[in-house]
> 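I'd like to ask you about the structure that follows.
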Amino acid sequence: MSSFQPVRGTRDLLPEAHRGHRHVVETARRVAETYGFHEVATPIFEFTDIFARSMGETSDVVSKEMYSFTDKAGESITLRPEYTAGICRAVISNGLTQALPFKAFAAGPMFRYERPQKGRQRQFHQIDLELIGAGEPEADAEVIALAFDILAALGVAEKCRLEINTLGDAESRAAYRTILLDYLQAFRGDLSEDSRRRLETNPLRILDSKDPVDREIVGGAPLLADHLTPAAADFFQAVQERLARLRIPFEINAHLVRGLDYYTHTAFEFVTEALGAQGAVVAGGRYDGLIAELGGPQTPAIGWAGGIERLALLMGDPPPAPRPIALVPVGAAAETTALGLARRLRQAGLIVDWSYRGNPGKRMKRAAKLNAAYAVLIGDDELARGSATVRDLDSGAQEEVPLDRLAARLGAHG
RNA sequence: GCGGGAGUAGCUCAGUUGGUUAGAGCGCCAGAUUGUGGCUCUGGAGGUCGUGGGUUCGAUUCCCAUCUCUCGCCCCA
């Protein structure tokens with residue numbers, strides 16, 4: 001039994017769970033298309049370098065969470081931990097910087113070597129949105145509004161809160177980093193062990209610490225908002241105005257930072273209290289430096305990723321499977337007829353199922369279990385008359401229908 | 001990677017102060033019912049008590065390790 005365990009942090013998506021995932025993806029795709037986004041798919045793995053360079057060597061994802069391996073040609077390959085880097089690479093690879101803005105929607109599995117919890121797996125699934133080649137605040141507002149519209153369409157918007165912040169431009173960030181470090185150095189001895197480490201790796205992260213002592217120290221820290229360049233401050237203001245105009249409710253969280261190096265300006269998260277420690281369901285931001293960092297032309301961009309498992313958990317019960325029509329042949333001759341009849345009905349667009357064996361009682365039980373809308377019974381009597389008995393499984397009403405009118409009769413109600 | 005909790009049938013769980021054949025409900029299969037489901041009745045299958053080792057005459061029970069899930073941390077979607 002234990003040898004049939006799936007690999008840690010992976011799971012099978014059986015029909016009911018898969019319907020939940022599919023509903024998330026289909027809803028997101030439909031809404032994204034109304035904003036003029038088109039779906040793409042990039043490879044599930046890339047050269048390790050793509051992720052290492054884009055996300056930053058010191059980020060947790062790169063330093064300890066990547067599924068990397070050496071292929072038979074000796075290349076270091078990594079299963080993608082996120083979509084953004086791969087899509088940016090694709091933009092450069094395909095010369096799409098000549099056709100900006102490029103608006104991409106994508107969905108698929110991601111891989112991170114982490115300790116699993118509810119809503120956190122080693123193979124998980126994300127929906128992803130990237131708007132590449134637009135540096136205007138309208139782009140930020142629309143990308144965030146699009147995420148909000150998806151959450152609303154999924155019926156989970158009221159369980160989520162939108163937090164936004166700005167990380168400023170490179171200039172603002174560098175200046176603030178120095179100021180913040182000066183301040184924090186004075187408290188070095190009081191900071192948590194994690195935060196002392198972060199002084200070296202990513203001091204901005206300390207702003208987001210959950211340690212109570214850290215929080216107290218951070219409470220008195222200088223704010224990035226007070227050290228933005230005028231241009232960065234104006235941009236953040238413009239984004240807020242546009243969100244307000246779109247009536248997207250948000251709050252500013254000055255301590256919202258990002259673990260990945262490539263973010264600039266707008267950072268945002270849709271968070272929920274309903275998933276324990278895994279509060280972020282959609283998160284993203286602007287990354288104006290990434291494409292240049294990867295070797296392409298300087299190109300502004302903004303995007304986000306949403307966790308499909310987390311969204312499905314918030315959603316609760318997935319939509320029910322569509323109701324089939326159950327065929328119930330009685331007798332050997334009817335069995336043969338049913339085989340062809342099933343195919344004709346399917347070609348007419350109906351969902352048709354049958355249980356292949358058992359007496360009519362068993363087959364009717366099976367039909368009820370499949371939540372069939374109708375049972376179509378065929379026996380010697382019906383065969384002789386070229387008809388079938390259609391039973392409405394909700395009302396129990398039955399009528400005999402000529403075979404050539406069967407599809408129309410079932411289609412009208414199916 | 002760090003710290004806590006849990007693991008008994010497909011599912012939800014009971015139980016064994018260490019002692020022969022480990023139980024229930026639901027689900028599954030079959031029969032009552034080879035032309036009619038959701039109700040009912042009867043019967044049946046299904047468990048190396050997560051895995052490995054130790055202690056013991058004897059371990060599902062005690063001890064150790066390990067795996068998986070889970071809660072928190074780190075980090076993130």
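Just so we're on the same page: letters track the sequence lines, and every chain starts at 1.
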> Using a cut-off of less than 4.0 Å, is there contact between a side-chain N or O of K369(A) and OP1 or OP2 of C28(B)?
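So the side chain of K369(A) is within the cut-off, an N or O lying under 4.0 Å from OP1 or OP2 of C28(B).
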
> Can you tell me the base-pairing partner of A22(B)? Count Watson-Crick or G-U wobble geometry only, both distances below 3.5 Å, and say none if there is no partner.
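The base-pairing partner of A22(B), which may sit in any strand shown, does not exist here.
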
> Could you tell me whether the phosphate oxygens of C28(B), OP1 or OP2, come under 4.0 Å of any side-chain nitrogen or oxygen in R366(A)?
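The answer is no; no side-chain N or O of R366(A) sits under 4.0 Å from OP1 or OP2.
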
> Does R115(A) have a side-chain nitrogen or oxygen under 4.0 Å from the phosphate oxygens OP1 or OP2 of G3(B)?
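So the side-chain polar atoms of R115(A) never come under 4.0 Å of the phosphate oxygens OP1 or OP2 of G3(B).
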
> Please work out if G396(A) contacts a base, only the sugar-phosphate, or nothing of the nucleic acid, heavy-atom cut-off 4.0 Å.
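It contacts base atoms.
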
> Side chains of Y176(A) and D226(A): donor-acceptor distance under 3.5 Å anywhere?
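There is no such pair between these side chains.
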
> Only pairs with both distances under 3.5 Å count, Watson-Crick or wobble alike; so what is the partner of C69(B) in this structure?
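Its partner is G5(B) (Watson-Crick or G-U wobble, both distances under 3.5 Å).
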
> Tell me, please, whether F124(A) has R122(A) positioned over its six-membered ring: NZ or CZ under 6.0 Å from the ring centre and within 45 degrees of its axis?
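No, R122(A) and F124(A) do not form such a contact.
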
> Have a look at E309(A) and say if it touches a base, only the backbone sugar-phosphate, or nothing, with a 4.0 Å heavy-atom cut-off.
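No contact.
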
> Between the base of C74(B) and the side chain of R197(A), is there a donor-acceptor distance below 3.5 Å?
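No such pair is found, so the answer is no.
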
> C67(B), G1(B), A77(B): which one has an atom nearest the side-chain heavy atoms of Q5(A)?
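Output: C67(B).
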
> Give A277(A) one of three labels, base, sugar-phosphate or nothing, depending on what nucleic acid heavy atoms sit under 4.0 Å from its own.
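It contacts base atoms.
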
> Would you please confirm or rule out a distance under 4.0 Å between OP1 or OP2 of G72(B) and any side-chain N or O of Q117(A)?
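Yes, Q117(A) has a side-chain N/O under 4.0 Å of OP1/OP2 on G72(B).
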
> Relative to Y263(A), does R286(A) satisfy both conditions: NZ or CZ under 6.0 angstrom from the six-membered ring centre, and within 45 degrees of the ring's axis?
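Negative - R286(A) is either too far from the ring of Y263(A) or too far off its axis.
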
> So, OP1 or OP2 of C74(B): does either fall under 4.0 Å of a side-chain N or O from K210(A)?
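Yes, within the criterion.
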
> May I ask you to say whether R409(A) pairs ionically with E399(A), meaning some side-chain N is under 4.0 Å from a carboxylate O?
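Looking at R409(A) and E399(A), the cut-off is met.
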
> Assign R357(A) to base, sugar-phosphate, or nothing according to its heavy-atom contacts below 4.0 angstrom with the strands shown.
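The answer is nothing, as R357(A) stays clear of every strand by at least 4.0 Å.
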
> Could you tell me whether the phosphate oxygens of U68(B), OP1 or OP2, come under 4.0 Å of any side-chain nitrogen or oxygen in R8(A)?
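Yes, R8(A) has a side-chain N/O under 4.0 Å of OP1/OP2 on U68(B).
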
> Indicate, yes or no, whether a donor-acceptor pair under 3.5 Å links the base of G35(B) to the side chain of E382(A).
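Yes, a donor-acceptor pair under 3.5 Å.
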
> Report which part of the nucleic acid G358(A) touches: base, sugar-phosphate, or nothing (heavy-atom distance under 4.0 Å, all strands).
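If one applies the 4.0 Å heavy-atom cut-off, G358(A) turns out to touch nothing in the nucleic acid.
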
> Taking the basic N atoms (NZ, or NE/NH1/NH2) and the acidic carboxylate oxygens, is any pair closer than 4.0 Å for K118(A) and E309(A)?
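So K118(A) does not pair with E309(A) through a salt bridge.
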
